[in-house]
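Working notes, structure below.
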Amino acid sequence: MAPVTVVTGGSRGIGAATVAQLATAGHDVALCYRRDEAAAHAVLRQLEATGRRGLAIRADTTDPDDVDRLFDTTGDQLGPITGLVNNAGVTSPIGPFIDLTDDDLRQVVDVNLIGYIRCAQRAARRMPPGSAIVNVSSAAATLGAPDEYIHYAAVKAATDALTVGLAKELGPRGIRVNAVSPGLINTDIHASSGMPDRPRRLAPQVPLGRPGEPDEVAAAIVWLLGPGASYTSGAIIRIAGGR
Ligand code: NAP
């Protein structure tokens with residue numbers, strides 16, 4: 001039977017690239033999104049063109065009922081869930097820490113931390129041995145993101161702790177848990193934070209001299225979910241061009 005993997009935030013950016021590469025690697029995939037139905041269905045069509053089965057489900061990871069529906073529907077329609085990519089994430093408008101609003105803080109914590117924990121829990125409850133979870137963290141966890149979004153960096157550091165703890169607790173059940181820590185990647189997330197040209201602007205700070213592409217992160221995620229990573233658990237793989 002083909003592996004069945006849930007990718008949160010699969011309609012754009014790193015999530016969409018991951019869905020495409022998972023399909024090529026032989027996974028059936030359920031992707032969720034929050035708003036952009038057209039983008040999600042375009043990713044689904046691309047997945048189905050490979051001959052794999054897929055679902056595009058509108059589910060906000062901050063809503064417990066939506067998350068239950070995401071996992072129930074996937075299990076019912078695609079079969080036992082063997083993979084989760086916790087990817088759906090948001091930043092806040094770039095700015096000084098002292099100007100951070102409570103609403104922006106709450107949103108970053110709700111989506112990037114509570115949403116990840118909720119999805120990991122729903123996955124872990126039903127995953128058979130041999131399954132794997134990949135959390136998409138950020139190099140911000142160690143860089144701190146000063147003058148941009150320190151609260152986001154703090155939440156991504158929590159993602160790393162979540163990964164280490166889950167790897168230890170779920171390992172005895174045969175479930176591997178890892179994270180990837182992307183640096184500056186060319187996606188729409190930078191426009192959402194009010195600086196669409198952030199990748200180009202910050203490229204000189206990257207030892208490799210350029211931003212990364214979503215496919216370069218997706219490749220590591222797909223490897224972590226696959227048989228080649230059968231003894232890899234609790235790892236946090238930095239994909240940040242040397243930064
Ligand atoms: P992106 O292009 O903005 O895409 C975000 C995706 O998440 C979209 O599919 C969006 O769906 C979905 N999403 C957001 N909030 C959601 C929610 N509450 N429930 C369900 N889906 C939700 O972002 P990206 O750059 O690919 O980022 C993906 C992950 O990588 C995030 O965790 C981010 O923190 C991390 N990361 C990114 C970078 C970077 O430079 N790009 C660097 C380090 C880490 P809708 O469009 O429907 O809202």
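Hydrogens, waters and symmetry mates play no part in the numbers below; they use all other heavy atoms, side chains included. This one's a predicted model, so the numbers in the text were calculated from it and none came from an experiment. Ligands are counted one by one from 1 in listed order, and the atoms in each one are counted from 1 as well.
Protein heavy atom closest to atom 16 (C) of ligand 1, with residue, atom name and distance, is Arg34 NE, 3.7 Å. Of all protein heavy atoms, the one closest to atom 36 (N) of ligand 1 is Tyr152 OH, 3.6 Å. Of the protein's non-hydrogen atoms, Ser11 OG, 3.4 Å is the one closest to atom 11 (O) of ligand 1.
The closest side-chain donor-acceptor pair between Asn87 and Thr8, if any, does not fall under 3.5 angstrom. Residues Arg52 and Thr24 have side chains that never bring a donor and an acceptor to within less than 3.5 angstrom of each other.
The two residues Leu225 and Gly83 have their closest heavy-atom pair at CD2-CA, 4.4 Å.
Between Gly183 and ligand 1, at least one N/O pair is under 3.5 Å apart. Taking distance alone, with nitrogen or oxygen atoms compared against 3.5 Å, Ser192 stays at or beyond that limit from ligand 1. Among the atoms of Ser138, none of the N or O lies under 3.5 angstrom from an N or O of ligand 1.
Salt bridge annotation for Arg69-Asp66: present, with a cationic side-chain nitrogen under 4.0 angstrom from a carboxylate oxygen.
The environment of CZ in Arg126 is crowded: more than 12 heavy-atom neighbours from other residues, nucleotides or ligands sit within 6.0 Å.
Ligand 1 places these atoms under 4.0 Å from at least one heavy atom of Pro182: 42 (C), 43 (C), 44 (C).
Within the structure, the closest approach of Ser137 to ligand 1 falls below 4.0 Å when heavy atoms are considered.
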